[in-house]
Amino acid sequence: PEAGARFEREIRTSAALSHPNIVTVYGSERIDDQLVLALRWVDGLAFDDWAAPRRKTAAGIAEIVDALVLACDALQYAHQRGVIH
């Protein structure tokens with residue numbers, strides 16, 4: 001019960017965020033006693049898989065740094081709204 005309550009709290013907190021680099025949370029519900037979460041679909045690769053071939057060139061490294069800057073911006077946005085993790 002404690003983990004479920006924490007998960008529901010995290011869903012509400014995440015759903016309140018609106019930032020282009022934070023996935024949109026559409027909602028949640030219980031199905032057959034399982035809490036499910038509906039998120040915006042983000043098509044692509046895991047960051048490590050995306051970054052791996054880019055590590056070989058200066059231009060690729062610059063792309064990685066640009067992506068990390070966007071992620072840091074999203075993290076700062078979340079932190080400014082009380083999300084700490």
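Along the sequence shown, residues are numbered consecutively beginning with 1. Reckoned from all heavy atoms, side chains included, excluding hydrogens, waters and symmetry mates.
The list of ring-ring contact (aromatic ring centres under 6.0 Å, His included) pairs with a residue in residues 30-82, not counting sequence neighbours, reads His19-Tyr77, Phe47-Trp50.
Heavy-atom neighbours of Gln80 CD from other residues, nucleotides or ligands within 6.0 Å: above the threshold of 12.
With rounding to the nearest 0.5 Å, the separation of OG1 in Thr57 from CD1 in Ile64 is 8.0 Å. Here the straight-line distance linking atom CG of Asp73 with atom CD1 of Ile22 works out to 8.5 Å at 0.5 Å rounding. One finds the OG atom of Ser28 at 12.5 Å from the CD atom of Gln34 (value rounded to the nearest 0.5 Å). Ile84 CD1 to Leu75 CG: the interatomic distance, rounded to the nearest 0.5 Å, is 8.5 Å.
When the salt bridge (charged side-chain N to carboxylate O under 4.0 Å, His left out) test is applied to Arg54, the partners found at least two apart in sequence or on another chain are Glu63.
Chaining together hydrophobic side chains whose heavy atoms lie under 4.5 Å apart places Leu35 alongside Phe7, Ile11, Val23, Val25, Leu37, Leu39, Val42.
Taking a cutoff of 4.0 Å between a charged side-chain nitrogen and a carboxylate oxygen, Glu10 and Arg6 qualify as a salt bridge.
Here the closest heavy-atom approach between residue Arg55 and residue Ile61 is recorded as O-CD1, 3.8 Å. Residues Asp33 and Arg30 share a closest heavy-atom pair of O-NH1, 3.6 Å.
Side-chain contact between Arg81 and Leu17 is present, with at least one heavy-atom pair separated by less than 4.5 Å.
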